[in-house]
Peer 1: 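Submitted below is the structure of interest, expressed as structure tokens.
Every chain is numbered from 1 and lettered A, B, ... according to where its sequence line falls, protein lines coming before strand lines. What you see is a predicted model, and the numbers here were worked out from it, not measured in a lab.
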Protein chains: 2
Amino acid sequence: MKLSEGIEQAIHCVTMLAGLDEGQVLSAAALAEYHGVSASYLLKHLQALSGAGILATMPGPKGGYRLALAPKDVSLLDITLAIEGPAPAFRCAEIRQRGPKPLPGRYFQAPCGIASAMHAAERVYRSELAKTSIADIVAGVHAVDDDGAIAGRGTDFIACHARQTGR
Amino acid sequence: MKLSEGIEQAIHCVTMLAGLDEGQVLSAAALAEYHGVSASYLLKHLQALSGAGILATMPGPKGGYRLALAPKDVSLLDITLAIEGPAPAFRCAEIRQRGPKPLPGRYFQAPCGIASAMHAAERVYRSELAKTSIADIVAGVHAVDDDGAIAGRGTDFIACHARQTGR
DNA sequence: GCTTTGGTACTCGGATATCAACTGTCCGAGTTTTCCCGG
DNA sequence: CCGGGAAAACTCGGACAGTTGATATCCGAGTACCAAAGC
């Protein structure tokens, strides 16, 4: 039950990309530098987000990443699923059907109660993640950012490293 | 985001131990045989459950494991925490404080909004697991077990392999 | 026949190899820019 | 001076090692039982 650290990086990157103006992009190298993480490794997750349709890419010089959707339409669940994959954390191995003197399969048409309970908990977990969008995260940062220093650091960096593209 | 397979084994074993009569115990070897899993590996998890106070052990010949609590007082969360450990799946690396031109620490007294949201989801997940007890699981099995075949297989095995102990 | 005592066999407990997944890195395909040459 | 073309450089994309945690296993410590010997 360990969540990939790439999840955190991915969410931070998406949050930052949400601060870009229309037509701006940010390269993976810039995102990695700003967050102080490995560029190559971050690239892996950015690709996953791109493949999931959350980010859009611009190739070539002056290229980079930008959001493909509105911040309010990207939830933490979307990002998590893009990085970790859609498989549930708990997978029933049907050990109730193993061991000596197994019963005929017709007795196990109903799903295992244990698996059902674990999956129910996971559904609630995902539902909770789905409730929070990137727009909410951005709003949350602004709420505790009295003098605008945190947001200022981000916009300063964007002003230095963002590239204008013809869209 | 992969949940240990030992979790499933542990829950099944606790469920089975809940079917024991007062003063009975079941050895780790018997539990492993019944579920068709590696005895040595299962033992590791049974020790964790024992260390967490969920199971009680009886050493020596005719020894084994039994529940240390009433089935209704053992939740799926208790078992999960005993096996996986109490550490949350998401761990904030505070990458917001890394990178160039870091801000003074006083700006980061408020917890990271991303970490808060992820932890909130995890709290809901755990809360859901806490709602389901082993007694509920047992009741669920009985509810779909029309002719008692599933429960019968368990009680038959217990009749063969359980040991009476002087408590 | 009863008690004691030693041995034995079985249990759990912890320390030890093996494997998969996450982490981190590298090189290749593609595209835009840009410079240079010709008109 | 302007347009076209080719080279170059920078981007993303996917394939390749290193390290940590999960999986599987083994051997050792401890205890209850049992049998045999002594009283």
Peer 1: Would you mind listing every salt bridge (Lys or Arg N to Asp or Glu O under 4.0 Å) that reaches into residues 89-105 of chain A, with sequence neighbours excluded?
Peer 2: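 Only A:E94-A:R96 qualify under salt bridge (Lys or Arg N to Asp or Glu O under 4.0 Å).
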Peer 1: What side chain to side chain donor-acceptor pair (under 3.5 Å) pairs are there with at least one residue in residues 114-126 of chain A, not counting sequence neighbours?
Peer 2: none
Peer 1: Show each protein N/O and nucleotides 18-24 of chain D N/O combination with a separation under 3.5 Å, one pair to a line.
Peer 2:
residue: D:dT23; atom: OP1; partner: B:E5; partner atom: N; Å: 3.0
residue: D:dT23; atom: OP2; partner: B:S4; partner atom: OG; Å: 2.6
residue: D:dT23; atom: OP2; partner: B:Y41; partner atom: OH; Å: 2.3
residue: D:dT23; atom: O5'; partner: B:Y41; partner atom: OH; Å: 3.0

Peer 1: Measure the distance from CZ on A:R163 to C1' on D:dC10 and round it to the nearest whole Å.
Peer 2: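 Rounded to whole Å, this separation is 8 Å.
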Peer 1: Which part of the nucleic acid does B:A29 contact within heavy-atom distance under 4.0 Å: base, sugar-phosphate only, or nothing?
Peer 2: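 Nothing: the residue B:A29, judged by heavy atoms under 4.0 Å, touches no strand.
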Peer 1: Could you tell me which residues satisfy salt bridge (charged side-chain N to carboxylate O under 4.0 Å, His left out) with A:E128, sequence neighbours excluded, listed by chain and number?
Peer 2: A:K131
Peer 1: How close or far is atom P of C:dT23 from atom CD1 of B:I95, stated in whole angstroms?
Peer 2: 12 Å
Peer 1: Using the C1' atoms of the five pairs at each end, what is the angle between the end axes of the helix from C:dG1-D:dC39 to C:dG39-D:dC1, to 10°?
Peer 2: 10°
Peer 1: Taking OP1 and OP2 of D:dG13, is either one under 4.0 Å from a side-chain nitrogen or oxygen of A:T57?
Peer 2: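 Answer is yes, contact under 4.0 Å.
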Peer 1: Side chains of B:Q164 and B:D21: closer than 4.5 Å at any heavy-atom pair?
Peer 2: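 No, side chains not in contact.
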Peer 1: Rounded to the nearest angstrom, tell me the gap between atom CD in A:E33 and atom C1' in D:dC10.
Peer 2: 16 Å
Peer 1: Between P on C:dG13 and CG on B:L42, what's the gap in Å once rounded to a whole number?
Peer 2: 12 Å
Peer 1: Return the set of residues passing side chain to side chain contact (heavy atoms under 4.5 Å, CB included) with B:P104 (not counting sequence neighbours), or none when no residue passes.
Peer 2: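 B:P104: side chain to side chain contact (heavy atoms under 4.5 Å, CB included) contacts with B:R106, B:Y107.
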Peer 1: With A:F157, which residues qualify under ring-ring contact (aromatic ring centres under 6.0 Å, His included), at least two apart?
Peer 2: A:Y34, A:H161
Peer 1: Suppose we screen for ring-ring contact (aromatic ring centres under 6.0 Å, His included). Which residues come up paired with A:Y41, at least two apart in sequence or across chains?
Peer 2: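 Applying ring-ring contact (aromatic ring centres under 6.0 Å, His included) to A:Y41 gives A:H45.
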Peer 1: Which side-chain N or O atoms in residues 53-64 of chain A pair as donor and acceptor under 3.5 Å with protein atoms at least two apart or in another chain?
Peer 2:
none

Peer 1: Write out all pairs satisfying salt bridge (Lys or Arg N to Asp or Glu O under 4.0 Å) with one or both partners inside residues 68-85 of chain A, taking only residues at least two apart or from two chains.
Peer 2: none
Peer 1: Give a yes or no on whether the backbone of A:L46 and the side-chain of A:S50 come within a donor-acceptor separation of less than 3.5 Å.
Peer 2: no
Peer 1: I need the full list of ring-ring contact (aromatic ring centres under 6.0 Å, His included) pairs touching residues 59-79 of chain B, with sequence neighbours left out, sorted by first then second residue.
Peer 2: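 Matches after skipping sequence neighbours: none remain.
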Peer 1: For the pair made of CG in B:L26 and C1' in C:dC10, what is the distance, rounded to whole Å?
Peer 2: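 Answer to the nearest Å: 15 Å.
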Peer 1: Which whole-number value in Å describes the distance from B:Q47 CD to C:dT11 C1'?
Peer 2: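 B:Q47 atom CD is separated from C:dT11 atom C1' by 12 Å.
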Peer 1: For nucleotides 27-33 of chain D, just jot down a letter per nucleotide in 5' to 3' order: B, S or -, based on protein non-hydrogen atoms under 4.0 Å.
Peer 2: ---BBB-
Peer 1: Whole Å only: how far is the CG atom of A:L43 from the C1' atom of C:dT25?
Peer 2: 11 Å
Peer 1: Provide, to the nearest angstrom, the distance between the CG atom belonging to A:L31 and the C1' atom belonging to D:dC12.
Peer 2: 13 Å
